[in-house]
Amino acid sequence: MQTQVLKPKFHVEECLSEIRECLEKGWTGMGFKTVEFEEAWKKYTSHKYAYYINSNTVGLHLAVNILKMLNHWSDGDEIISTPITFVSTNHAILYENMKPVFADVDEYLCLDPEDVKKKITKKTRAIIFVGYGGRVGKLDEIIKICKENNLKLILDAAHMSGTRVNGIVPGTKEGIDVTVYSYQAVKNLPTGDSGMICWNFEEGDKLSRQIAWLGINKDTYARSNKGTYAWKYDVDYLGYKYNGNAIMAAIGLVQLKYLDEENARRREIVKMYTEGLKNNPKIHIVPANYPDECSYHLFELAVPDREKLLDQMSKLGINCGVHYRDNTEYSMYKYAQGTCPRAHEISEHLITLPLHMWLTDEEVKEIIEHVNEFVK
Ligand SMILES: *Cc1c(COP(=O)(O)O)cnc(C)c1O
């Protein structure tokens, strides 16, 4: 058996036909399929606004940039974030000269509301919540904390494409200012690299479109669609080049059609893993609080000797992963070392089992057998 930990499945013929349409039309940049994809995503999620961008990382930066501008935050002001995430989440805060303050995680590996409360200071302006592995954790309590303390709330939904809670997309909940998705190559809705930023108010969406396009206040598509080519535009912000393009959106449009079906298969695999491993006293399975509606981007175990298991499994061709190292271990964030003991402890033991569309039931059973054989 030979397997990667995460492996995208592309619906190749359909993707090629959507891409062909872009190439034949001669429109591969922003507009055309990007607009179609935004509309499809809004319909799928019920988000009021959706702007297609070239990654989740830039979306998180836009979110912090725009909230800082609108709310007159200062350099050095604080945003509470999690140490168990991909570094994008925390870099986004530093890009704007603000300070990531780390709060500890709970049993779902999401921000622990109790510790978040302890980390609030006079300088706290916002919280970034990561829906770890597609889990919602105690997001509702975080929303309440933000309301009570007049903090903005950014949802890093990189893992959450397709997650629902009682049928509702968590990012659409009242109290979340902006939600950012990732369609990076191995996420649940894979493209090449791209993402979506979904604000809950119009001004945020408008500013995103402008700032992600160098600060230019009219985009090319809108201009050429007006019939007369209005070449004149103003530039009133120091913007970035963060927009998504039609080729990636073409892939996204196809992949979106299969997202629910594929997430259902992820849940099936997770169920098999859980059944097969839950009676092993040396294994701790990271739970999800809404397992029937979770996107399960990742399936995680905590085991006593992670390095050994990684090694033993990889010798059999089964490549497991590690998501993520406690960010305060990195040089950039070491000022916060020791502030999140639970996150630190569990991150030393976490291992990600293979979870993707290419796994057969037989392979899942084989993986379970080997894990049980090695961890005892
Ligand atoms: C993948 C990921 C990101 C970054 O997404 P990109 O689209 O690759 O920029 C951010 N946060 C988390 C939690 C991620 O897993």
Side-chain angles (χ1 to χ4, degrees), residues 4-8 34 37 41 50-65 79-95 100 102-103 105 108-111 126-137 139 142 153-163 170-171 176 178-198 208 212 240-245 247-249 251-252 255-256 259 266 286 288 294-300 321-327 330 332-333 343 347 350 352 355-356:
Q4 293 167 220
V5 58
L6 304 171
K7 184 180 179 186
T34 66
F37 191 32
W41 189 249
Y51 174 54
Y52 189 56
I53 46 183
N54 64 40
S55 72
N56 161 295
T57 305
V58 304
L60 292 171
H61 178 208
L62 278 176
V64 177
N65 174 284
I79 296 184
I80 295 175
S81 180
T82 171
I84 305 283
T85 185
F86 188 55
V87 285
S88 300
T89 316
N90 297 317
H91 278 17
I93 302 167
L94 290 182
Y95 292 151
F102 295 96
V105 297
Y108 307 110
L109 300 183
C110 294
L111 277 180
I127 296 174
I128 303 186
F129 187 93
V130 177
Y132 184 91
R135 295 160 179 86
V136 289
L139 179 59
I142 299 289
L153 180 52
I154 298 168
L155 179 62
D156 178 350
H159 299 175
M160 295 182 103
S161 291
T163 287
I176 299 174
V178 57
T179 301
V180 187
Y181 296 90
S182 173
Y183 312 127
Q184 186 268 343
V186 299
K187 297 281 158 64
N188 289 43
L189 196 164
T191 60
D193 267 309
S194 61
M196 198 75 85
I197 183 165
C198 303
S208 285
Y240 304 89
K241 186 66 167 59
Y242 282 174
N243 63 281
N245 70 65
I247 301 285
M248 288 303 126
I251 298 174
Q255 296 298 119
L256 175 56
L259 180 60
R266 284 173 185 272
V286 176
C294 182
S295 65
Y296 279 116
H297 175 56
L298 302 172
F299 181 73
E300 315 280 285
V322 176
H323 299 87
Y324 297 90
R325 213 171 145 203
D326 169 5
N327 282 196
Y330 297 127
M332 292 284 319
Y333 298 104
S347 76
L350 285 178
T352 311
L355 181 52
H356 52 74

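For ligands, and for the atoms within them, numbers begin at 1 and follow the listed sequence. Quantities reported herein were computed from a predicted structural model and do not represent experimental measurements.
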With no hydrogens and no angle check, just 3.5 Å: does a side-chain donor-acceptor pair link [X] and [Y]?
| X | Y | answer |
| --- | --- | --- |
| Ser194 | Thr191 | yes |
| Ser55 | Asp193 | no |
| His159 | Tyr181 | no |
| Asn90 | Ser81 | yes |

(request) Calculate, to the nearest 0.5 Å, the distance between atoms OG1 and CZ belonging to Thr352 and Phe299 respectively. (result) 10.0 Å
(message) I'd like to know whether the aromatic ring centres of His61 and Tyr242 sit less than 6.0 Å apart in this structure.
(response) yes
(request) Run through ligand 1 for me and note each protein residue having a heavy atom under 4.0 Å from it, chain first, then residue number. (result) Ser55, Asn56, Thr57, Thr85, Phe86, Ser88, Thr89, Val130, Asp156, Ala158, His159, Ser182, Gln184, Lys187, Ser194, Tyr324
